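Here's the structure we're looking at; comments come further down.
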Amino acid sequence: MADPRFFSRAGPLSLGVLAERTGARIGSGADPEHLMRDVAPLEAAGPDEVAFLDNRKYLSAFEVTKAGAAFVHPSLADRAPKGLVPLITEQPYRAYALAAQAFYPEPMAAPGIHPSAVIDTTARLGEGAVVDAHAVIGAQALIGRRCRIGAGSVVGTGCVLGDDVRIGAHVTVSHAIIGSRVTLYPGVRVGQDGFGFAPDPKRAVKVPQLGRVVIEDDVEIGANTTIDRGAGPDTFIGAGTMIDNLVQIGHNVRIGRGCILAALIGISGSTQIGDFAMIGGQAGFSGHLVIGNGARIGAQCGVMRDVPAGATVVGTPAVPMKEFFRQVAALHRLAKQKGGSSEGE
Amino acid sequence: MADPRFFSRAGPLSLGVLAERTGARIGSGADPEHLMRDVAPLEAAGPDEVAFLDNRKYLSAFEVTKAGAAFVHPSLADRAPKGLVPLITEQPYRAYALAAQAFYPEPMAAPGIHPSAVIDTTARLGEGAVVDAHAVIGAQALIGRRCRIGAGSVVGTGCVLGDDVRIGAHVTVSHAIIGSRVTLYPGVRVGQDGFGFAPDPKRAVKVPQLGRVVIEDDVEIGANTTIDRGAGPDTFIGAGTMIDNLVQIGHNVRIGRGCILAALIGISGSTQIGDFAMIGGQAGFSGHLVIGNGARIGAQCGVMRDVPAGATVVGTPAVPMKEFFRQVAALHRLAKQKGGSSEGE
Amino acid sequence: MADPRFFSRAGPLSLGVLAERTGARIGSGADPEHLMRDVAPLEAAGPDEVAFLDNRKYLSAFEVTKAGAAFVHPSLADRAPKGLVPLITEQPYRAYALAAQAFYPEPMAAPGIHPSAVIDTTARLGEGAVVDAHAVIGAQALIGRRCRIGAGSVVGTGCVLGDDVRIGAHVTVSHAIIGSRVTLYPGVRVGQDGFGFAPDPKRAVKVPQLGRVVIEDDVEIGANTTIDRGAGPDTFIGAGTMIDNLVQIGHNVRIGRGCILAALIGISGSTQIGDFAMIGGQAGFSGHLVIGNGARIGAQCGVMRDVPAGATVVGTPAVPMKEFFRQVAALHRLAKQKGGSSEGE
């Protein structure tokens, strides 16, 4: 079970409750009142714990698990060992996630506002909002219901947060309009000036950055990620997009809904990324590109041109995946030949 | 116009004032007393707004703009539509930047020192300096006139800041001598120990890092960028250099004047970069290199050898740009051939 | 000498004391009572300063140095100029590091707890612990002896720190068990949720991250580096491992003892890295890989497959170093040929 110094377990929960919370169907003959006490992996689970099988790779572990119940796809439910109650669902990993949420609900913050927080008298906080020690909230800021502002975080003048926004410690938010159920992990920087200046032999001239950052509902932004505000247009992150740690998003960038961005990605100014794109770690994008819906961009990819919707690209400069691996193979063969024939060159 | 929750507009400003502030010349026949109210892009501007044309790509937008005035190069001024006052200048984007600064002056911070700030009694603050909530200023620190220290930022013992330095929230500065008009964006880390230790089979031995970070005038350093102090010599950033977010600068690195560094660059210890170099995002440098004045380093470039002044290099390992694109083309052709002849290999 | 605004020098120290602290042997005939006042590089050192020769490249500087003493390998000690006392050791750089530590001991923090710190009444602090301004320590946290918690840092509920842990300013620690003599530089993020969710066409479902971060003794973690906690298993960093700035370590990653990781590296979830591995800057790892003991991974390397113990790999996708340079050479030749024969293609 999870370390009780850090996690509080709820429960026990009956199979019936778990089925209801996850949308799974209880295997025939099982008692819906039967109680489960925890989630656990297939290999470690005991008779009062719930596991899951999502990847066929673990089918043999499933067949011998001691778990009391497990989420499993309908096509594999009949592989359950004796004593295991199959909880049948088309999306076993999603069901496991919901069950784990039920056993380990997000801890309630101690309600209220820490006396060391500095909150401008013109800021408005929704019912149930929590403001941790040393946080700072600027003039005219609007903070939604049940928002949590972490220790030391700074929400600037005029910023708007929807309901249930969770802001970790040491986050900086300025010039931003943020939806509901958004999570900003510790050290996130949202809304600072973009990298904008007019070159000048004597001294570069700063171009005032007059846009904002707009973040829609259900977005997560990873630790120490930086999102500059727009130069005139806004920088925009669509609903449900998940961004990992240490990502750089330049001014005027527009990211669609439901995208997944791994860590250490850099997106240069004014590039647009469609809905449901998936981008690997350390990939980089030139400015002013258009990346289509559903595009998949490989890790460390260097994208210098537009990418059509649905395409998968890899490499620097980015090429379609098939071509990338053909190039890799061709280069491998070439190096072998030349290595033999002209080593001494 | 810019969102009034975040930006306060000054003005209106007469064409005469705008010409004077930007060095532009008012097209013949126009009334210098004519008032403008805002800046705007060519497509959106109305009769009391000022736009600009810097890139010929937007010439057709210029020819039909409804803007009241626009900064434009002398060679294109005669393409102005009827009703538009051309504001003629060799550097239209620079003039626009100055006009935008005139309409949207940097907001004045509420003067003074927040009562929650912790300032050592031996620190000295120049006239007009502003210290935000929860900032910490160490012993013997010297803070210049009109400096602004953002919420929660920490300026360590003995640090020196010139005049008009702007430090965002959550910045850490130690062991640093900083010039005037320098901007450190939120989360910047300046002056911590470099990555220095003597290997030892039992336990690496820390090498005391006895240098400083010296930052000259007019430098900007982007959010969450890290600059380690020198090991003995100083780490040095020359005047007017612009550094984007999430950049890593190792100990003893020396960067010249007027350089531009995009995001997520890593520069290993003791590398020297000349004046006016331009470095693309995610580029990386081995240690102890010498990069000449005016060199241009492509995005994601892996630089393992010295680069001569004025050269442009791309790729990993970095090669001259011409060669890089020849390699890309050659590899593309090779993959095609082999793809046809030996797919099954 | 080091800038006295930032560094306090101890001493003078006799050759005898320096020999004892560093394990070096004093060259024959020298007086062990002779006093030294500082460390300095070979070119700059004077008669009361100690230098070192570690790299034969600097042998000529050694032969003419004015230093009073220098750490040097036994095989080169006879190259010492007249007037220099050789301090003979198999590891001159390590000895220099220890001597520099003796001249510049880590400054003692002003003891005690700053009144602006917010410490839960159930937290326990060891003898001699120092808590700087605005730091926050959560319920049930256990802080070891002589730990130093930097300004504004947040140590979450239940966290455990061994003795002599040094935490810089603006660090966030949660869900973590940390050994002794660990250093976390400013802006480090340890223990936040990993990037874990079950995809769903409507809205991704967060998977509760129920593991911890476990950091063994003598680890250093560079500024603004992020280490996510495990999803169920722990994220683990072995004893003596050194991690540079802006590194991303995903959930469930396991890093062995004595590893060295340069800046801007990204390690995806569940990858395991053996003991004493060395990883160059900006390298990236896919998830679920196994990297063997003593492996060496080049800068900017893209590692998509397991790497055997002791191997050295370079490139993207990573290949053995020898092959990488063969590929580079082959591609160079190919580009030249094609450049001649089919430029116009």
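Here the structure is a predicted model, which means the values were calculated and not measured. Order of the sequence lines sets the chain letters (A, B, ...), proteins ahead of strands, with each chain counted from 1. Just the heavy atoms: all of them, side chains too, but no hydrogens, waters or symmetry mates, feed the values below.
Taking the six-membered ring where tryptophan is involved, the planes of Phe7(B) and Tyr104(B) are perpendicular, since the angle between them exceeds 60° and thus also 30°. Aromatic ring pairs are classed by plane angle as parallel below 30°, tilted from 30° to 60° and perpendicular above 60°; the pair His114(A) and His134(A) is tilted.
Contact record, Arg212(A) with Asp3(B): NH1-OD2, 2.9 Å, taken as the closest heavy-atom pair.
Both the backbone and the side chain of Leu331(B) come within less than 4.5 Å of a heavy atom of chain A. For chain A, no part of Val314(B) is nearby; none of its heavy atoms comes within less than 4.5 Å. Interface remark: Leu264(A) contributes backbone and side-chain atoms alike to the contact with chain B (heavy atom separation under 4.5 Å). Only the side chain of Arg181(B) comes within contact range of chain A, with at least one heavy atom under 4.5 Å from a heavy atom of that chain. Interface remark: Gln140(A) contributes no atoms to any contact with chain B (heavy atom separation under 4.5 Å). For a residue to count as touching a neighbouring chain, one of its non-hydrogen atoms must lie under 4.5 Å from one of that chain's; by this rule Ala141(A) does not touch chain B. Heavy-atom distances place the backbone of Ala176(A), and not its side chain, under 4.5 Å from chain B. Neither the backbone nor the side chain of Phe103(B) comes within less than 4.5 Å of any heavy atom in chain A. Heavy-atom distances place no part of Ala231(A) under 4.5 Å from chain B, backbone and side chain included. At a 4.5 Å heavy-atom cutoff, Phe285(A) makes no contact with chain B through either its backbone or its side chain. Looking at Asp218(B), the atoms closer than 4.5 Å to chain A (heavy atoms on both sides) all sit in the side chain, from C-beta outward. Only the backbone of Ser153(A) comes within less than 4.5 Å of a heavy atom in chain B; its side chain stays farther off. For a residue to count as touching a neighbouring chain, one of its non-hydrogen atoms must lie under 4.5 Å from one of that chain's; by this rule Glu106(B) does not touch chain A. Looking at Leu261(B), only its backbone comes within 4.5 Å of chain A, counting heavy atoms on both sides. Of the two parts of Gln101(B), the backbone and the side chain both hold a non-hydrogen atom closer than 4.5 Å to a non-hydrogen atom of chain A.
In this structure, the separation between CZ on Phe71(B) and OG1 on Thr22(B) is 4.0 Å, given to the nearest 0.5 Å.
The local environment of CZ in Arg296(B) is sparse, with at most 12 non-hydrogen atoms from other residues, nucleotides or ligands closer than 6.0 Å. Annotation: Met304(A), atom CE; neighbour count of heavy atoms from other residues, nucleotides and ligands within 6.0 Å is above 12.
Under the 4.0 Å criterion applied to side-chain N and carboxylate O atoms, Glu323(A) and Lys336(B) are not assigned as salt-bridge partners. Under the 4.0 Å criterion applied to side-chain N and carboxylate O atoms, Arg148(B) and Asp132(B) are assigned as salt-bridge partners. The pair Asp200(A)-Lys202(A) fails the salt-bridge criterion, with no side-chain N (NZ, NE, NH1 or NH2) lying under 4.0 Å from an Asp/Glu carboxylate O.
Checking Asp228(A), Ile237(A), Thr226(A) one by one against Ile249(A), the side chain to side chain contact (heavy atoms under 4.5 Å, CB included) holds for a single residue, Ile237(A). Applying the side chain to side chain contact (heavy atoms under 4.5 Å, CB included) test between Val173(A) and each of Ile167(A), Ile149(A), Ile227(A), Val154(A) identifies Ile167(A) as the sole match.
Aromatic rings of Phe52(B) and Tyr96(B) (six-membered ring for Trp) have centroids within the 6.0 Å cut-off, being under it.
Of the possible donor and acceptor atoms, none in the side chain of Ser180(B) sits under 3.5 Å from a partner among the backbone N and O of Asp164(B).
Within residues 187-195 of chain A, the residues that have a heavy atom under 4.5 Å from a heavy atom of chain B are Gly187(A), Arg189(A), Gln192(A), Asp193(A), Phe195(A), listed by number.
Interface check for chain A: of the options Ile243(B), Val328(B), Thr316(B), the most heavy-atom pairs under 4.5 Å are formed by Ile243(B). When Ala2(B), Pro186(B), Gly168(B) are compared by the number of non-hydrogen pairs under 4.5 Å with chain A, Pro186(B) comes out ahead. Options Ala95(B), Ala100(B), Ala97(B) differ in how many heavy-atom pairs under 4.5 Å they form with chain A, and the most are formed by Ala97(B).
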